[in-house]
Amino acid sequence: MEQEFLQAEKEAENKSDYEKAGFYQKQSESLRHERVLDLLSRYCVIPKYGFPVDVVELQVYREGRPDNRYDLSRDLRVAISEYAPDSEVIVDGKKYTSKYVTLPKIKGFTRHYFCTCPNCRKVNVHLSEGTDRLCKYCGEPIGSLNWEYYIEPAEGFKTGITKESTRMKPKRSYAGEVFYLGGGQKDEAAAVFGEMITAESSSNDRLLVMNKSRFYICPRCGYAEIIKGNIPGLRMEQEHKNFRQYNCENETLQPVRLGHSFETDVARLIIPLLRSQEREDYAKALSFLYAFLEGFSMAAGIERKDIDGVLELNLEKGSYDVLIYDNVPGGAGHVKRLIDEEIMRKALESARSKVLQNCCDENTSCYNCLRNYYNQSKHSLLRRGYAREIIDLLAPVRPAASRSDTGI
Ligand SMILES: [Zn+2]
Ligand SMILES: [Zn+2]
Ligand SMILES: [Zn+2]
């Protein structure tokens, strides 16, 4: 990664773009600082698993002063949505609005530039913009695309002034969108289930969770507001107060996304049956994904919130791969159990029983079958019937006749 900066810095220098060269130099310094923490945890000075290094706080401020009576801390992957600027939380019956991203004490935020490849739809993340860049997954040119950047708000957030309203229900943004970045070590073992599913697993694989909204942020004090509508301008001029409630000297806000990338264990299920040709195919694959997560959680006795999943386009097979990952810091090895034939069979059976309930109309879904708080943004796509159809194809129910063989 640092190599990339040095190159970008040199390139800018060669073009006599000293402003840009200086920027990349600053970027690489702040990255080095971030990395110290990362290294400490990697070499077990701070154990990553079980010790929440990615936990951030929403610091409550009252009239410009920190109020330390509450400890509002959350894992960063949840916080980038629930504590994002303009989100509200209720503490002790009182509503607070997050308004500031806490700036790193030493250097500014590292910018993580990203774009989605139009060919393979995977997200490419780099530490610099590159005009002659190729997609690292499929090789298509992506340099001329519109690159945005995200920052990791690893220092947390602060509340601002909450507008009085009679509405007590807090405004919240949806759970963040998750992208698979890869780069992990594949395990040797892989398993094939009835030629319908190939499962493989990996460790230290990287995922990125990003808040769906864009924000304008003040690089001086961290003041931020959500951007309504989809296309942000390059900057916005706005007078505002800093978190101590004094006027901020800076009035130019910049558009950013909020993201957090993390390492965990991943199981990839290659299922050619999950076609990716028609529009409804995505809803089908997604319905299967959430049914499978329920089934796997029940069958293996894993808490549902400790695992999650995401779909990835498989260009070669014209289908969706189902990626199941450990949703605990550093990974806990849960998903590796899917390499076991017995667990896979049980997971599919439990998923089937979940979608066979008569909880809702088959052309929709409910909180008893596929829906939960964290997949809210996908609710309209989830259909219990779709999931059942796919499970029946992957794991056909044995015909009743074979049961009578056993003498029942
Ligand atoms: Zn690509
Ligand atoms: Zn400011
Ligand atoms: Zn239901």
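Indexing begins at 1, ligand by ligand and atom by atom, following the structure's order. Positions are given from 1 along the sequence. Below, all heavy atoms of this structure are taken into account, side chains as well, without hydrogens, waters or symmetry copies.
- Between Ile390 and Ser287, the closest side-chain pair of non-hydrogen atoms is not below 4.5 Å.
- Atoms SG of Cys117 and SG of Cys120, as seen from the Zn ion (ligand 1), are separated by an angle of 110°, to the nearest 10°.
- Protein N/O/S atoms closer than 2.8 Å to the Zn ion (ligand 2), listed by chain and residue number, are Cys218 SG, Cys221 SG, His240 NE2, Cys248 SG.
- With the Zn ion (ligand 3) as the vertex, SG of Cys369 and SG of Cys366 span 110° to the nearest 10°.
- Checked by atom type, the side-chain pair Asp281/Tyr320 shows no donor-acceptor distance below 3.5 Å.
- For the pair Arg111 and Trp147, the cation-pi criterion (under 6.0 Å, within 45° of the ring axis) is not fulfilled.
- Using a 3.5 Å distance cut-off with no hydrogens or angles, the side chains of Ser98 and Lys158 do not pair a donor with an acceptor.
- Taking the ring axis of Phe262 as reference, the NZ or CZ atom of Arg77 stays within 45° of it and closer than 6.0 Å to the ring centre.
- With the Zn ion (ligand 1) as the vertex, SG of Cys135 and SG of Cys138 span 110° to the nearest 10°.
- Both tests pass for Lys94 against the ring of Tyr96: distance under 6.0 Å to the centre and angle within 45° of the axis.
- Relative to the ring axis of Tyr223, Lys99 places its NZ or CZ within 45° and under 6.0 Å from the centre.
- The closest donor-acceptor contact from the side chain of Arg214 to the backbone of Ile226 lies at 3.5 Å or more, if one exists at all.
- Vertex the Zn ion (ligand 3), arms ending at SG of Cys360 and SG of Cys359: the angle is 110° after rounding to 10 degrees.
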